[in-house]
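In what follows, every heavy atom counts, from backbone to side chain, and hydrogens, waters and symmetry copies are set aside. The chain is numbered in sequence order, starting from 1.
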Amino acid sequence: MRFDELDLEDEVLDGIDAMNFTEMTPVQEQTIPVILDGRDLIGCAQTGTGKTAAYTLPLLNRLLLEGNERNVVKSVIIVPTRELAQQIDMQFQGFSYFMPVSTAVVYGGGDGKGWDQQKRGLQMGADVVIATPGRLISHLTNSRVDLSHVDCLILDEADRMLDMGFFDDIMQIVSYMPKSRQTILFSATLPPKIRQLAKQILRDPAEISIAISKPNEAIEQGAYICREGQKAEIIRSMFSGPVDTKVIVFSSSKQKVKELVYTFKRMKINAAAMHSDLDQEKREQVMLDFKNGKIALLVATDIVARGIDIEDIGMVINYDVPHDPEDYIHRIGRTARASATGRAVTFVNEEEQGKFHRIEQFIEREVEKLPLPDGVGEAPEYNPSAFSGRGGRGRRGGAGGGRERDRSRKRKKTSASAPEAHSAVAEKPQQAAAPAAPRAEGEGGGRSDRRRRKNHRRRRNNKGGEGTPSAAQ
């Protein structure tokens, strides 16, 4: 279905045409008419399916028809990260080129100047406020922001926000808004907490699900079954020649991200790191350089696994297996966007085989096992059943499993019978003391211990406090 078949105002259609959008994606085709009708909506779709335009275009159409004569905050979009907030703002700027629509972007980080700028934008009124939950609450508390005129609330990447612990923050923000508003919720998955949130803040919502948690078919997926020590050698082999496309290498550890960037730079590859330790200015500069092609290779934590729309990413590499299947979907979803093709490669060490097999079960597809490059060594056998109990959620690789087994062995060791445990403890002082009187058979030992201590104090007093007990000689 084409965009010009929708009941949209001419100015909105002109913006769509200027952005070179013609055919709608399935999620846009099914959700835009519902939003135009004013109904609440739960939209469930994977990353990269065009969700942003699905709510941006009908919202712009509504703002164009209603206007904002009182200069109040008319609509609020809540997102989990500042990067996603910036990306959505860029889409609004593009689609609203022929419209007098104002936006205010509100997120943490930066300096006092950024806070003041956000405060002025909120107090002066904006057609669209795009905000992260924590910073918006700070302004609601300290900047006397008025949300009583909001008639449209959009929650994007709602499951991600709940994973980050923003449930209470969202409910607090909603309490500042009128109940008569339209509420739209987009999420990649629909866990029970999302259902709970929707029940509390949505009114009789329409529910639309598009290809839930399945990778884009245009992504060529592969996996190297390897040992942990072989991963760096595979990287060196893969990038021994020029890098001719944009690449993202994902790792679950900030420390590993830093180490990988160091490795790439020693290989004369222009790589940069992206993780939460970077300040806001540095993160923005890195993303801009990557988007503009100044950086060919981005090494990142899951901070860029969702909501970052960068064209021409030809390959995604999972240096380690993500903890959850959904994270795998979001990571590899950075490639093959906007009808393009892409490649996703995952490095799977022995301890990660169980996790990776669960991903294969989740996506209902066996990922091709790639032969290791020459010179890397022999690959271990792919036998995920041997590791099915390890490396689950919240446990990192095999180390966590090893620690758990150690703790289990300790618990078994200390669960011996009470008389045996008491005997082991009681014998230590006797072994440590030199020469001690032999204990009579059947004697409890308490009386003889007191007698020895008494004699010891008498000898020490007779020497005027000098010397040491006989046990130290």
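Counting only N and O atoms by type, the side chains of Gln118 and Tyr107 include no donor and acceptor under 3.5 Å apart. Between Asn383 and Ser385, the side chains place a donor N or O and an acceptor N or O closer than 3.5 Å (distance only, hydrogens not considered). Between Arg343 and Gln221, the side chains place no donor N or O within less than 3.5 Å of an acceptor N or O (distance only, hydrogens not considered). Residues Gln172 and Asp168 bring no donor and acceptor atom of their side chains to less than 3.5 Å of each other. Residues Thr103 and Gln93 bring a donor and an acceptor atom of their side chains to less than 3.5 Å of each other. Looking at Asp156 and Tyr55, their side chains do bring a donor and an acceptor atom within 3.5 Å of each other.
Side-chain N or O atoms of Asp320 include one that pairs as donor or acceptor with a backbone N or O of Ser252 at under 3.5 Å. Side-chain atoms of Glu157 never come within 3.5 Å of backbone atoms of Phe186 as a donor-acceptor pair (strictly under, hydrogens ignored). Checked by atom type and distance alone, the side chain of Ser187 pairs as donor or acceptor with a backbone atom of Thr189 at under 3.5 Å. A donor-acceptor pair is defined here as one N or O able to donate and one able to accept, closer than 3.5 Å; no such pair exists between the side chain of Asp324 and the backbone of Asp327. Under a 3.5 Å cut-off, the side chain of Asn349 and the backbone N or O of Glu351 do form a donor-acceptor pair. For Arg62 (side chain) and Asp151 (main-chain N/O), a donor-acceptor pair under 3.5 Å exists by modelled atom type. The backbone N or O of Leu13 sits nowhere less than 3.5 Å from a side-chain atom of Asp17 that would complete a donor-acceptor pair. Remark: side-chain polar atoms of Asp40 are paired, donor with acceptor, to backbone N or O of Arg203 under 3.5 angstrom. With Glu66 contributing its side chain and Leu63 its backbone, the two residues share no donor-acceptor pair below 3.5 Å. When atom types are taken as modelled, the side chain of Gln230 and the backbone of Arg227 share a donor-acceptor pair closer than 3.5 angstrom.
Taking all atoms of both residues into account, the shortest heavy-atom contact from Asn68 to Asp127 is ND2-OD1, 3.0 Å. In terms of heavy atoms, Gln28 sits closest to Gly50 at NE2-O, 3.1 Å. Considering all non-hydrogen atoms of both residues, Ile317 and Val247 come closest at CD1-CG1, 4.2 Å. Of all heavy-atom pairs between Cys226 and Phe347, the closest is SG-CB, 4.4 Å. Closest approach of Leu153 and Ile78 over heavy atoms only: CD1-CD1, 3.9 Å. The minimum heavy-atom distance between Leu64 and Met99, with the atom names listed, is CB-CE, 3.6 Å.
Under the 6.0 Å cut-off for aromatic ring centres, Phe250 and Tyr319 do not qualify, their centroids lying 6.0 Å or more apart. Between Tyr328 and Phe362, the ring center distance fails the sub-6.0 Å criterion.
The CD1 atom of Ile184 sits 4.5 Å away from the CD1 atom of Ile154 when rounded to the nearest 0.5 Å. In this structure, Glu83 CD and Gln86 CD are separated by 6.0 Å, a value rounded to the nearest 0.5 Å. Between the CD atom in Glu9 and the CG atom in Leu57 there is a gap of 13.0 Å [rounded to 0.5 Å]. One distance of note links CD1 of Ile313 with CD1 of Ile332; it measures 13.0 Å at 0.5 Å rounding. A distance of 9.5 Å separates CD1 in Ile248 from CE in Met274, rounded to the nearest 0.5 Å. Note: Leu59 CG to Asn61 CG = 9.5 Å, rounded to the nearest 0.5 Å.
Looking at Thr81 and Thr132, their side chains never come closer than 4.5 Å, going by heavy atoms from C-beta outward. You'll find the side chain of Leu41 reaches within 4.5 Å of the side chain of Thr31, heavy atoms only. Contact of the Val128 side chain with the Ser75 side chain is registered, since non-hydrogen atoms from C-beta on lie closer than 4.5 Å. At least one side-chain heavy atom of Val243 sits less than 4.5 Å from a side-chain heavy atom of Ile269. In this structure the side chain of Leu297 reaches within 4.5 angstrom of the side chain of Val249, judged on heavy atoms. Between Leu197 and Ile170, the closest side-chain pair of non-hydrogen atoms falls below 4.5 Å. Side-chain contact check for Phe3 versus Thr22: every heavy-atom pair is 4.5 Å or farther apart. Counting heavy atoms from C-beta on, the side chains of Ile35 and Gln182 come closer than 4.5 Å.
Counted within 6.0 Å of CD on Glu23, heavy atoms from surrounding residues, nucleotides or ligands total more than 12; the atom is thus considered enclosed. Within a 6.0 Å radius of CD in Glu366, other residues, nucleotides and ligands contribute 12 heavy atoms or fewer. Atom CG of Asp7 is surrounded by 12 or fewer heavy atoms from other residues, nucleotides or ligands within 6.0 Å. At most 12 non-hydrogen atoms from other residues, nucleotides or ligands lie less than 6.0 angstrom from CD of Glu281. Atom CE of Met19 is surrounded by more than 12 heavy atoms from other residues, nucleotides or ligands within 6.0 Å. Open room surrounds CG on Asp374; 12 or fewer heavy atoms of other groups in view lie less than 6.0 Å from it. Annotation: Tyr262, atom OH; neighbour count of heavy atoms from other residues, nucleotides and ligands within 6.0 Å does not exceed 12.
Checked for salt-bridge contact, Lys369 and Glu360 meet the test: a charged N lies under 4.0 Å from a carboxylate O. Salt-bridge check for Glu350 with Lys231: failed, with every basic side-chain N at 4.0 Å or more from each acidic carboxylate O. A salt bridge is absent between Asp37 and Arg39: the closest approach of a Lys/Arg side-chain nitrogen to an acidic carboxylate oxygen does not fall below 4.0 angstrom. By the 4.0 Å N-to-carboxylate-O rule, Glu259 lies too far from Lys256 to be salt-bridged with it. Residues Glu284 and Arg82 are not paired through a salt bridge, judged by the lack of any N-O separation under 4.0 Å between the basic side chain and the carboxylate.
Using a 30° and 60° split on the angle between ring planes, Trp115 and His139 fall in the parallel class, below 30°.
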Next on the checklist: Pair Met171, Gln200 - check side-chain contact (heavy atoms from CB on, under 4.5 Å), show working.
Outcome noted: CA-CA 9 Å; Met171 295 306 298; Gln200 294 187 48; 3.3 Å; yes
Item to check | Full working for side-chain contact (heavy atoms from CB on, under 4.5 Å) between Thr183 and Val174 | outcome: CA-CA 10 Å; Thr183 305; Val174 169; over 6 Å; no
Item to check | Check against side-chain contact (heavy atoms from CB on, under 4.5 Å), Leu36 and Leu8 | outcome: CA-CA 9 Å; Leu36 286 173; Leu8 296 172; 4.0 Å; yes
Next on the checklist: Quick one, Lys282 with Val286, criterion side-chain contact (heavy atoms from CB on, under 4.5 Å). Give me CA distance, side-chain angles, the key distance, then yes/no.
Outcome noted: CA-CA 6 Å; Lys282 179 63 175 177; Val286 168; 3.9 Å; yes
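Among pairs with a residue in residues 184-195, those fulfilling salt bridge (Lys or Arg N to Asp or Glu O under 4.0 Å) read Arg195-Glu207, at least two apart in sequence or across chains.
Each of Val150, Val73, Val145 was checked for a side-chain contact (heavy atoms from CB on, under 4.5 Å) with Val129, and the lone residue meeting it is Val73.
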